[in-house]
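A quick write-up on the structure given underneath.
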Amino acid sequence: MPAYKRTAAIAGGILVLVLYPGAPVAKPMQCSADAYATIKAPATKQDASVEVRCDLILSPGDIITKRLIFSGASASGATLDCKGATLDGTRGSINFGKPTVLIRSIKSQNGDWSAPSGIAVRNCVIKGAVRLQGLGTNGQAKDVKASSLTANHTAFAQASAPSQISLSNLTFIADGRVPLYIGPGITGVRLEKSTLTGKSNGPALYLDAESAENTITQNRFAVTSRREQIAIDGSAKNVISGNIFEDPVSGGVFLYRNCGEGGTIRHQKPQHNTISGNTFKYKMAFMAKPAVWLNSRNGAQRYCFRDAAHPFGSSLSSQDFAQFNIVTGNRLIGGGTYLIRNTDPSNRIEDNSN
């Protein structure tokens, strides 16, 4: 795990506390027996969540019903190793409708932001959802919208958000919510060797505006949804490789930019993403939506132009601008390369096969 130092930076007139590689920060100690007992105790309305700032190692038979929350720089470097245990936030539980695991930045009363980095979550069965959150819960959040009205929004959102988060060997069982939501400005997430199943009202994985440089590799996507499995919404420089998509008839990987939703200006374009070496397995590809769709929206949404009149981002143009992406070496079993849809010549589409 790299060492980090905390540095202050001014962005958009707000002081941001950021972690950069540098001077050592103390590695969290293993959670005490008392902390472990508190975490294992059943969730109640009065005691529904736990702030985790230590290395938490569970036992395979554990069923944790409390929400596990990692907040701010003080949670940096922490590890959650479930050893096969279940984190249960499903329908009917105390925490249904809330993230089962939440990794978030926090804002102080004077406007400073503190962002966690270097957190690892592994070997868990997650019934519910994991959310990574920077300036806000989604692209329409108050602080996200306020920042979007400034020209340096992308840099500020990224500086204010969690980074370098490792998610490995996880089993997500969706219960209606997006099982993994990577929020605005999140960078450096690595999701690997995991399985996403269950039912979702949205995608299996959402990469929200201004997020970047995330790696999604060696996973199995099998969420039942009317949406695509992976949404790349104004997210850039991501690598989607070596994954298996089980019968993605509602869509595989879509690249677009949500122009003006909630009045927020989307700045970053879904560019320089690499989608390579994935396998899309179809039982029946007839009437299936694209396995990969570059520029899937291009302003065809009712909320376009609701962002303020500014000379940048989606306020300037509602087009997706999914350009300079690479789609190569993917297999479309039971389908064909016609399931890769591209409308921009700057994208490189090659060596894909049935």
Side-chain angles (χ1 to χ4, degrees), residues 11-12 18 105 115 117 132-136 138-140 144 147-148 150-165 167 178 180-191 203 205-217 228-241 243 251-261 264-278 292-299 307 310 312-328 330 340-349:
V18 193
S105 299
S117 187
L132 279 57
Q133 177 179 314
L135 291 175
N138 56 34
Q140 294 78 257
V144 178
S147 174
S148 80
T150 65
N152 65 341
H153 170 55
T154 299
F156 179 51
Q158 292 180 359
S160 306
S163 63
Q164 306 305 316
I165 308 300
L167 306 172
V178 175
L180 178 56
Y181 194 102
I182 296 176
I186 307 292
T187 58
V189 174
R190 185 175 183 87
L191 172 69
L205 168 60
Y206 202 104
L207 292 160
D208 210 340
E210 324 309 330
S211 65
E213 299 179 356
N214 303 296
T215 299
I216 314 301
T217 185
E228 66 274 15
Q229 292 291 305
I230 299 179
I232 300 179
D233 174 8
S235 185
K237 301 178 182 177
N238 302 291
V239 175
I240 315 292
S241 69
N243 302 287
V253 184
F254 287 9
L255 286 75
Y256 60 92
R257 187 171 69 168
N258 256 351
C259 49
E261 185 179 15
T264 299
I265 300 173
R266 272 64 176 181
H267 287 235
Q268 187 172 245
K269 301 169 183 176
Q271 298 182 346
H272 302 289
N273 296 284
T274 298
I275 303 167
S276 66
N278 301 288
V292 179
W293 191 351
L294 302 123
N295 295 300
S296 65
R297 296 193 174 181
N298 264 342
D307 45 4
H310 285 74
F312 43 69
S314 60
S315 183
L316 185 63
S317 173
S318 62
Q319 298 298 293
D320 287 339
F321 294 105
Q323 301 169 322
F324 313 111
N325 299 289
I326 298 171
V327 182
T328 181
N330 300 286
I340 297 175
R341 186 175 299 180
N342 175 44
T343 56
D344 194 292
S346 71
N347 294 310
R348 181 154 62 91
I349 315 295

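If you're wondering where the values come from, they're calculated on a predicted model, not measured in any experiment. As a basis for the values below, the full set of heavy atoms in this structure was taken, side chains included, without hydrogen atoms, waters or symmetry mates.
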Item checked: side chain to side chain contact (heavy atoms under 4.5 Å, CB included) involving A236 - partner list, sequence neighbours excluded ->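 Per chain and number, A236 pairs via side chain to side chain contact (heavy atoms under 4.5 Å, CB included) with Q268.
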Of the non-hydrogen atoms in [X] and [Y], which two are nearest, and what is the gap between them?
X    : Y    : value
F312 : T150 : CZ-C, 3.8 Å
G134 : P162 : CA-CD, 3.8 Å
F156 : S160 : O-OG, 2.7 Å
R257 : P270 : CB-CD, 4.3 Å

Notebook entry, point to check: Testing N325, D344, T343, D320 for side chain to side chain contact (heavy atoms under 4.5 Å, CB included) with L294, which one passes?
Noted result: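 Exactly one pass, corresponding to N325.
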Strictly distance-based, threshold 3.5 Å: is any side-chain N or O of [X] a donor or acceptor partner for the main-chain N or O of [Y]?
X    : Y    : answer
D208 : N138 : no
N347 : P345 : no
S296 : Y256 : no
N298 : Q319 : no
T264 : G139 : yes
S163 : S117 : no
N295 : A322 : yes
N258 : D233 : no
N238 : N214 : yes

Please tell me if the side chains of [X] and [Y] come closer than 4.5 Å, counting only heavy atoms from C-beta onward.
X    : Y    : value
P184 : L135 : no
N278 : I240 : yes
N342 : V327 : no

Notebook entry, point to check: How about S147 and H153: does a side-chain donor come under 3.5 Å of a side-chain acceptor?
Noted result: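 Looking only at side-chain atoms, H153 and S147 do form a donor-acceptor pair, the distance falling under 3.5 Å.
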Roughly how far apart are [X] [atom1] and [Y] [atom2], rounded to 0.5 Å?
X    : Y    : atom1 : atom2 : answer
K237 : H272 : NZ    : NE2   : 6.5 Å
I326 : R348 : CD1   : CZ    : 4.0 Å
I182 : Q133 : CD1   : CD    : 13.5 Å
Q271 : I232 : CD    : CD1   : 12.5 Å
L191 : L167 : CG    : CG    : 6.0 Å
I186 : L207 : CD1   : CG    : 10.5 Å

Notebook entry, point to check: How far apart are the C-alpha atoms of T217 and R190, what are their side-chain angles, what is the distance that settles it, and do they pass the side-chain contact (heavy atoms from CB on, under 4.5 Å) test?
Noted result: CA-CA 8 Å; T217 185; R190 185 175 183 87; 3.6 Å; yes
Checklist line | side-chain contact (heavy atoms from CB on, under 4.5 Å) between L255 and I275, intermediate numbers included | finding: CA-CA 11 Å; L255 286 75; I275 303 167; 3.8 Å; yes
Margin query: As a quick check of understanding, evaluate side-chain hydrogen bond (donor to acceptor under 3.5 Å, both in side chains) for S235 and S211, giving each step before the final call.
Written below: CA-CA 5 Å; S235 185; S211 65; 2.7 Å; yes
Notebook entry, point to check: Which word best sums up how the rings of F254 and W293 line up, parallel for under 30°, tilted for 30 to 60°, or perpendicular for over 60°?
Noted result: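 Because their plane-to-plane angle is over 60°, the rings of F254 and W293 count as perpendicular.
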Check: Hey, which of E210, H267, R266, K269 is the one that makes side chain to side chain donor-acceptor pair (under 3.5 Å) with T154?
Finding: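 Answer to the side chain to side chain donor-acceptor pair (under 3.5 Å) test with T154 among E210, H267, R266, K269: E210.
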